[in-house]
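Worksheet: one structure, shown below.
Computed over heavy atoms, backbone and side chain alike; hydrogens, waters and symmetry mates excluded. Below, read A as the first sequence line, B as the second, and so on, with proteins coming before strands; counting in each chain starts at 1.
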Amino acid sequence: MAQLTLFNSLKREKQAFIPIDPQHVRLYACGPTVYSYAHIGNARMAVVFDLLARVLRGIYPKLTYVSNITDVDDKIITASRENGEDIHVLTRKYERIYNEDMKALGANPPDIQPRATDHIGDMVALIETLIAQDHAYAADGHVLFHVPSFPAYGGLSGRSRDEQVAGARVEVASYKKDPADFVLWKPSEPSEPGWDSPWGRGRPGWHIECSAMAERHLGLPFDIHGGGADLKFPHHENEIAQSCCAHGHENDLGAFAGYWVHNGFVTVEGEKMSKSLGNFLLVHDLLAEYPGEALRLTLLSAHYRQPLDWRADTIRQNKKLLDRLYKKLEGFDGPAGAVPDSVLRALYDDLNTPQMIAALNVLAKEDDLAGLKAAGDFLGILQEDPLLWKQGVQGHAGSSAPEGAESVAAIEALIAARDSAKKQKNFAQADKIRDELSALGVVVEDTPQGPVWRRV
RNA sequence: GGCGCGGUGUCAGAAUGGUUAUGUAGAGGACUGCAAAUCCUCGUAAGCGGGUUCGAUUCCCGCCCGUGCCUCCA
């Protein structure tokens, strides 16, 4: 089978993926900060790296996929103050909701989902190492990473330190030796969460947690580090700086992770999703309206590195594609075959999901149902019963009849009434009932075996 | 201002230096009491201007437009 290639952000080119240890591939992807419901952008990251994990598992005997939960952060403190919820309660709640929502999108949980607050000791140790090696310094209760101590800084995002300084729009804190220096540890007010440390009671900066958790659970160097494109700078740049410097690899940006994979952003109806525009789409809300698989397929309908514009029409098209594939699978009860080469070839080419979807269409057209089913199992779609899918009564995996939809019993009563009208050749009455059903979002198909219906 | 990405048919969205993406919408046809589903057929896509080439949507240069990051953000 073909070689897996991935676009490596660190090298800015598509490369053959060569694992450090072919017996055990190691993947880390930056997970969510849990202070609110997961949005569709969180979902894209989760679905993309779930797919990458599936592909890697299909090739290599063992994969460890780590994706963290950030449960200490100023946004969390703010959210806690705003709604009066205890921080611990709040973070656990949104962590649970995140995991439920991602499950509904067909994303398998990562093998390890470490919480930042469970790794404070690792972070403190890492910071102490950096101080001992003169890559960091304490000042005013803060500990800062000294960026000039790492000349290779900026290699991932392709921006030099000077450029960053020139572009800085924020006021530089007085305790910084260099404007580019970033926080490893900062002091906490009594009302803020904090941990005792050699520098007093405080909490970690944002970037250090991923350095600590990736090292703890995967060891260094590991194979692939992923996350959203916006994390490239400064988050991932700073992770590299911390981890490489702590281990004496000041000249080797690859000493932390060999391949960096970044997924593109989701926009909504052409606009960037942002708090200020108030157009954050929550997975939780979308799941009330669409089956999880339709959302999953929509998230995969554009190549992962391209921006994905989330529009009602896009979901509609992908739902329709699923409807068609499910229809093909009606009555198919044979064993799934091997995952077809056409699908794997597309995925191995830097996760070319649009081409993968084209391959799915071809399988359906050629009635390769065993192959189609195998592909669905591999991709995390087509997991429902085809008949239940059609009627929108799936009770699990987040797919369900839309809220406020007519009950199955009520629909079937109308179907029966129409069928008897038809038998009496009372076509006017039959068409009237068809219109009523249509208004309920139900389409009736007359087949030689009698009427069947589905929701649209 | 710095760094980056992109402009493909109604729309979504890939690949590709010469040969059908795929889907969606639309048009025509078969089928149907009417529909739906399915099947068949159709439309001659590549922001603009140069260049390289026998040949460019595909490579190079310039321009225009859009967009992302540089500040918390997946």
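Counting non-hydrogen atoms under 4.0 angstrom, A:Leu321 reaches nothing in the nucleic acid. Looking at heavy-atom distances under 4.0 Å, A:Asp446 makes contact with a base. Residue A:Lys422 is classed as a base contact, given a heavy-atom separation below 4.0 Å to a base. Residue-level contact check: A:Thr353 touches neither bases nor backbone, having no heavy atom under 4.0 Å from any strand. A:Gly41 comes within 4.0 angstrom of a nucleotide base, judged by non-hydrogen atoms across all strands. A:Val266 comes within contact range of at least one nucleobase, with a heavy-atom separation under 4.0 Å. Backbone-only contact: A:His303 has heavy atoms under 4.0 Å from sugar-phosphate atoms and none from a base. Within the 4.0 angstrom heavy-atom criterion, no nucleotide atom of any strand lies near A:Arg305. Residue contacts for A:Lys327: at a heavy-atom cut-off of 4.0 Å it reaches the sugar-phosphate backbone alone, with no base atom in range. Among the protein residues, A:Ser157 comes within range of the sugar-phosphate backbone only, with heavy atoms under 4.0 Å from sugar or phosphate atoms but none that close to a base. Looking at heavy-atom distances under 4.0 Å, A:Val362 makes no contact with the nucleic acid at all.
Inter-residue side-chain proximity for A:Leu6 and A:Asn8 is flagged as unmet; no heavy-atom pair is nearer than 4.5 Å. Taking 4.5 Å as the limit, some side-chain heavy atom of A:Thr314 sits within range of a side-chain heavy atom of A:Ser301. Residues A:Thr70 and A:Cys30 have side chains not in contact (no heavy-atom distance under 4.5 Å, counting atoms from C-beta outward). When side chains are defined from C-beta on, A:Leu56 counts as touching A:Leu4, because their heavy atoms get closer than 4.5 Å.
For a distance-only test at 3.5 Å, the side chain of A:Arg434 qualifies as a donor-acceptor partner of the base of B:rC34. Looking at A:Asp74, its side chain has no donor and acceptor atom pair within 3.5 Å of the base of B:rC72. In the interface, the side chain of A:Asp431 is paired with the base of B:rG33 through a donor and an acceptor atom under 3.5 Å apart.
Closest to the A:Gln355 side chain, of the nucleotides B:rG68, B:rC11, B:rA15, is B:rA15. Considering only the side chain of A:Asn42, B:rA74 comes nearest among B:rA15, B:rA74, B:rA21. Ranking B:rC72, B:rG33, B:rC69 by closeness to the A:Ala430 side chain, first place goes to B:rG33.
For the P atoms, the distance from B:rC31 to B:rG49 is 48 Å, rounded to whole Å. Annotation: B:rA46 and B:rC61 have their P atoms spaced 23 Å apart (nearest Å). Straight-line distance between the C1' atoms of B:rA37 and B:rU32: roughly 11 Å, to the nearest whole Å. For B:rU71 and B:rU19, the P atoms lie 47 Å apart once the distance is rounded to whole Å. Rounded to a whole angstrom, the distance from the C1' atom of B:rA12 to that of B:rA45 is 14 Å. B:rC63 and B:rU10 are spaced 28 Å apart, taking the C1' atom of each and rounding to whole Å. The same atom, P, is picked in B:rU8 and in B:rG66; the two are 14 Å apart, to the nearest Å. Of the P atoms belonging to B:rC60 and B:rC65, the separation is 22 Å, rounded to the nearest Å.
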Counting only pairs under 3.5 Å, give me each side-chain donor-acceptor contact of residues 367-379 of chain A, with atom names and distances, residues two or more places apart or in other chains.
| from | atom 1 | to | atom 2 | distance (Å) |
| --- | --- | --- | --- | --- |
| A:Asp367 | OD1 | A:Lys328 | NZ | 2.9 |
| A:Asp368 | OD1 | A:Gly371 | N | 2.9 |
| A:Lys373 | NZ | A:Asp377 | OD1 | 3.2 |
| A:Lys373 | NZ | A:Leu382 | O | 3.0 |
| A:Asp377 | OD1 | A:Gln383 | NE2 | 2.9 |

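RNA chain B contains the following stems of three or more consecutive Watson-Crick or G-U pairs, with both distances under 3.5 Å: B:1-7 with B:64-70, B:26-30 with B:38-42, B:47-51 with B:59-63.
Nearest heavy-atom pair, A:Arg203 versus A:Pro187, reported as atom, atom and distance to 0.1 Å: NH1-O, 3.5 Å.
Dashed line: the shortest gap from a side-chain N or O of A:Arg316 to OP1 or OP2 of B:rA25 is under 4.0 Å. At the phosphate of B:rU24, OP1 or OP2 sits under 4.0 Å from a side-chain N or O atom of A:Arg324. Between A:Trp310 and B:rA12 there is no side-chain polar atom (N or O) within less than 4.0 angstrom of OP1 or OP2. Contact check, A:Lys320 against B:rA25: a side-chain N or O comes under 4.0 Å of OP1 or OP2.
Checked against A:Ile87 for a side chain to side chain contact (heavy atoms under 4.5 Å, CB included), the options A:Ile77, A:Asp73, A:Thr117 give a single hit: A:Ile77.
Residues A:Arg418 and A:Asn263 each lie close to RNA chain B; by heavy-atom proximity, the contact nearer the 5' end of the strand is made by A:Arg418. When each of A:Gln306 and A:Lys232 is assigned the nucleotide of RNA chain B bearing its nearest heavy atom, the one mapping closer to the 5' terminus is A:Lys232.
In this structure, the CG atom of A:Asn361 is 12 Å from the C1' atom of B:rG13, given to the nearest Å. Distance, A:Asp181 CG to B:rU71 P: 14 Å, rounded to whole Å. Remark: C1' of B:rA74 and NE2 of A:His225 are 12 Å apart, rounded to the nearest angstrom. With rounding to whole Å, A:Leu308 atom CG is found 14 Å from B:rG68 atom P. At whole-Å resolution of the value, CZ in A:Arg311 and P in B:rC11 are 10 Å apart. In this entry the distance linking CG of A:Leu156 with C1' of B:rC3 reads 12 Å, nearest Å. Distance CD (A:Glu445) to C1' (B:rA36): 5 Å, rounded to an integer number of Å. Atom CG of A:Asp323 and atom C1' of B:rA37 are 11 Å apart (whole Å).
A:Lys319 has no carboxylate O lying under 4.0 Å from a charged side-chain N of A:Glu293, or vice versa, which leaves the two without a salt bridge.
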For this session: Verify ring-ring contact (aromatic ring centres under 6.0 Å, His included) between A:Tyr37 and A:Tyr94, making sure each step is shown before the conclusion.
Result: CA-CA 6 Å; A:Tyr37 283 92; A:Tyr94 287 116; 5.5 Å; yes
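Between A:Ser157 and A:Glu237, the side chains place a donor N or O and an acceptor N or O closer than 3.5 Å (distance only, hydrogens not considered).
Ring geometry, A:Tyr28 versus A:His225: the interplanar angle falls from 30° to 60°, so the pair is classed tilted.
Here A:Phe265 does not lie in a stacked arrangement on the base of B:rG68, lacking the combination of planes under 30° and ring centres under 5.5 Å apart.
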